[in-house]
Structure formats: structure tokens, C-alpha cells
Amino acid sequence: MPKVIYLDNNATTAVAPEVREAMMPFLTDLYGNPSSIHTFGGQVAAHVEDAREALADLLGAHPSEIIFASCGTESDNTAILSALASYPERRHLITTRVEHPAVLNLCQSLAQGGAGKTGYRLTLLPVDAQGMLDLGALESALDDDTALVSVMWANNETGVLFPVEEIGELCRRRGVLFHTDAVQVVGKIPINLAEMPIDMLSLSGHKWHAPKGVGALWVRRGTRFSPLLRGGHQEHNRRGGTESVPLVVGLGKAASFVKRHLAEEQTRVRALRDRLEKGLLATCPDARLNGHPARRVPNTSNISFEYVEGESILLMLDQHGICASSGSACTTGSLEPSHVLRAMGVPYTAAHGSIRFSLSVYTTEEEVDTVLEVLPPIIRRLREISPFGRQAAAART
Ligand code: PLP
């Protein structure tokens with residue numbers, strides 16, 4: 001395998017070797033069905049329950065509150081549709097303009113009569129220039145008709161953290177369910193759900209060194225719940241379908257892996273991220289940070305390099321084996337800036353040249369220094385061939 005400098009950990013992460021190892025017996029000898037009555041199945045079921053306990057321990061939750069799922073998207077969809085099914089008389093949903101499509105697309109489709117639902121209203125909360133949520137707007141949007149508030153804990157593009165505690169308090173006061181998409185915070189900051197005013201939380205293993213294809217929904221005990229997948233009695237009748245035992249065991253192992261590395265994430269990973277960010281902002285003129293400088297997860301930095309295309313930067317980084325991602329997506333042939341940066345009012349010329357760097361516990365200082373060496377000349381070269389870049393350079397001289 002070619003050696004890469006992998007700074008795209010918000011997209012997905014490397015599976016930790018200890019996670020891979022823990023999964024192997026369940027791909028070979030321990031293949032029993034955890035729902036089976038025989039001892040062989042029971043042995044496997046015990047490992048599923050160990051994984052549930054490890055995840056609960058990471059979250060400060062009770063194991064019975066955890067429902068394993070296939071991914072973050074399934075978990076988000078389950079939470080939202082469960083809230084609507086549990087409160088059928090309520091017809092109002094609140095979320096933000098900067099959610100991941102796993103939440104945003106479902107909510108928008110519900111407001112347009114999708115998923116067999118009609119008559120739903122949707123409020124999309126705005127953010128300011130630093131990507132911070134307007135809590136006043138949330139307070140005035142909440143009404144007796146609100147079935148659910150779904151607000152992400154951290155944004156996947158900027159890393160900005162939303163004040164989930166305050167949001168939860170506002171919801172509690174109005175008797176409204178609060179779901180948070182925590183896909184980008186688990187494993188990056190400490191979480192103690194026992195002390196948080198949150199009712200449901202979604203997570204996805206592949207963002208923190210578990211394999212792809214496994215996630216979970218946490219539902220606080222006593223919260224009304226309606227399953228998305230109806231079938232067998234698995235997960236205490238809350239999600240039909242035989243659990244993917246190897247993946248669930250991997251998720252449990254990854255939970256203890258990231259718990260062990262939480263302090264390192266807060267110190268070493270944060271320091272590396274800051275070194276990269278400060279270095280790039282100091283050496284590249286017309287570069288700006290997108291998102292609140294302090295209220296962010298420790299591993300993420302989103303930087304705009306004005307007057308150049310993010311895609312061009314990524315391609316040139318790729319030639320050096322450096323993986324990052326851009327804040328624009330190529331749709332129907334036109335490069336549309338991300339909905340997150342647009343919601344923050346990032347100017348067009350900056351939004352197009354935005355790059356997200358996301359680090360992990362596997363990122364090294366040498367890797368960061370290589371990016372600091374390689375990227376500034378790339379930006380200079382791209383600006384020389386950009387008409388906007390040449391104009392800006394001429395205006396500076
Ligand atoms: N929510 C957020 C904030 C994400 O970043 C992602 C993935 O990028 C998802 C949901 C979807 O997770 P999954 O890929 O596991 O479906």
C-alpha cells in the first residue's frame with residue numbers, strides 16, 4: 001500500500017490494529033447467532049453485550065440505552081422518524097442549516113411530504129460568520145407543535161461545537177425531544193450523557209477507528225421510541241435484524257481505544273492541528289480560518305485559500321500523497337461551495353478555495369511539517385495561474 005499522509009479523518013479513519021484483532025474470532029470460529037438459544041450463540045451474545053458496555057462507558061450511559069445500527073445515517077434517520085412516530089400530533093421539526101445530509105436531507109424531504117408523511121413544518125436555524133448557532137432563533141422557533149429538535153454536536157466541515165447543553169435545556173423547558181448527531185465528537189471530547197439534557201444521540205464507528213458499517217443510536221431510558229427497522233426481537237425490539245457481530249465487537253473495542261486516547265486528542269492532536277493551522281495562516285497570504293477559533297473539536301481545521309479552487313489544491317496535494325478534503329462538491333458539472341460555508345456567509349472566492357484538514361491520533365509531527373513545506377508553494381503556483389489571484393497580487397503591490 002502506498003504511504004499517504006492522511007489528514008481526512010472526518011471522512012473516515014484507519015481501523016486500529018487492536019480493533020481488527022478483536023474482530024477476527026467473529027469472522028472465523030465464533031460465528032454463532034447472538035439470538036440463538038444454544039451455548040455457542042450465547043457465547044457470542046456475551047461479546048455483543050461487552051461491546052455495548054464498552055460503548056456505554058465511553059458515553060457515560062447505561063448499556064440498555066444503546067441500539068446498534070449500521071451507520072450514522074441510519075442512526076440519524078431512526079431518531080428523527082422515531083420522534084415523529086412517537087408524537088404524531090406534533091408537526092414541526094427544528095434543525096440547522098449546517099447539518100450533515102443524513103439529517104438535513106431527511107428533514108427537508110419530510111417538509112416536502114416525503115417518507116409518506118404530510119403536513120410537516122421545518123425550521124432551519126441559521127449560524128453566524130463563525131459557524132455558531134443563534135440560540136435566540138431556537139428559543140423563538142420552539143412551540144407546542146414541535147416534535148423534535150435535531151442539532152449536531154460538532155460540524156463535520158468546520159469542527160465547530162454547538163452548545164448542546166443549552167440547547168437541551170431550552171428543549172426540556174418546552175417539553176420537546178432533543179436529538180444530537182454526535183458523529184464528529186465521539187472519541188474527540190469527553191462525553192457524559194448522564195449529565196446532559198439530551199434524549200437521543202447518533203454515532204458512527206468509522207469516524208473513530210472502528211470499521212465502516214457500524215454505528216449506534218443512544219436513547220435515554222424513558223424516551224418514547226419507535227423502531228425504523230421492524231423485524232425480529234433483536235436490540236430489545238428496537239431494531240430488527242441480526243447484529244453484525246464482528247463490527248459490533250470492533251465498535252466496542254474502538255470505544256475503549258478512543259477512551260484511552262482522549263487525553264492525547266485534547267493535547268497532542270490539538271497541538272498538531274494548531275501548528276498546521278498557524279503555519280499555513282502565517283505563510284499563505286489571503287488565507288482565513290473558517291469556524292470559531294476556539295469552540296471546535298481538537299482535530300479539525302477548515303482553511304480558505306482565496307482565489308484558488310479547492311479541487312486544484314487537493315489534486316496537487318494528492319500528488320504528494322497528502323489526503324485532505326474540500327468544502328465544495330462537484331455537482332452536475334458546477335463546483336458548488338458547501339452548504340455549511342454558504343450558511344456562514346463565507347465569500348464566494350474564499351468558499352471555493354476551502355480545505356478541511358482532519359487529524360487523528362495516528363497523525364505525526366513530521367506529517368504536519370511536510371504539509372507546511374508542500375502546501376504554500378502549491379497555493380503560490382495556483383494563484384499565479386488564477387486571474388483573481390493575479391488581480392489580488394497586483395492590488396497588494
Ligand atoms: N453525521 C455527520 C456529522 C457526519 O460527519 C457523517 C459522516 O460523514 C454522518 C452523519 C454519516 O455517517 P455514516 O457515514 O456513518 O452514515
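Remember, it's 1-based here, ligands and their atoms both numbered in the order they're listed. Values in this document were obtained by computation on a predicted structure and should not be read as measured data. Hydrogens, waters and symmetry mates are skipped; everything else that's a heavy atom, side chains included, is used.
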Requested in this report: Examine the proximity of ligand 1 to Val103 and report which part, side chain or backbone, both or neither, has a heavy atom under 4.0 Å away.
Outcome: neither

Query raised in the report: Quick one: does Lys207 get within less than 4.0 Å of ligand 1, heavy atoms only?
Result: yes

Requested in this report: Number the atoms of ligand 1 from 1 as they appear, then name those within less than 4.0 Å of a heavy atom of Asn156, with their elements.
Outcome: 3 (C), 5 (O)

Query - Nearest non-hydrogen protein atom, atom 4 (C) of ligand 1 - result: His100 CD2, 3.2 Å

Requested in this report: Using distance alone, decide if ligand 1 has a nitrogen or oxygen within less than 3.5 Å of any nitrogen or oxygen in Met152.
Outcome: no

Query raised in the report: Roughly how far, to the nearest 0.5 Å, is OG of Ser301 from CD1 of Ile355?
Result: 11.0 Å

Query raised in the report: With a 4.0 Å cut-off, would you call Arg174 and Asp143 a salt bridge?
Result: no

Query raised in the report: For Ala324 and Leu317, which heavy atoms make the closest approach, and how far apart are they?
Result: CB-CD1, 4.5 Å

Query raised in the report: Where is the nearest protein heavy atom to atom 1 (N) of ligand 1: which residue, which atom, and how far?
Result: Asp181 OD2, 2.6 Å

Query - Salt-bridge present (Glu74, Arg239; N to O < 4.0 Å) - result: yes

Query raised in the report: Which pairs pass side-chain hydrogen bond (donor to acceptor under 3.5 Å, both in side chains) with one or both residues in residues 18-35, sequence neighbours excluded?
Result: Glu18-Arg260

Query raised in the report: Is the side chain of Asn155 donor-acceptor paired with the backbone N or O of Val98 at a distance under 3.5 Å, no angle test?
Result: yes

Query raised in the report: Any salt bridge between Glu365 and Arg275, counting N to O under 4.0 Å?
Result: yes

Query raised in the report: Does ligand 1 have any atom sitting under 4.0 Å from a heavy atom of His206?
Result: yes

Report summary line: shortest atom 16 (O) of ligand 1-to-protein heavy-atom contact is with Thr73 OG1, 2.6 Å

Query raised in the report: Ion pair present between Lys3 and Glu367, side-chain N to carboxylate O less than 4.0 angstrom?
Result: yes

Report task. If you have a sec, work out which protein heavy atom is nearest atom 13 (P) of ligand 1 and how many Å separate them, to one decimal? Result -> Gly72 N, 3.5 Å

Query raised in the report: In terms of atom number and element, which parts of ligand 1 are under 4.0 angstrom from non-hydrogen atoms of Ser204?
Result: 13 (P), 15 (O)

Query raised in the report: What protein heavy atom sits nearest atom 5 (O) of ligand 1, and how far away is it?
Result: Gln184 NE2, 2.8 Å

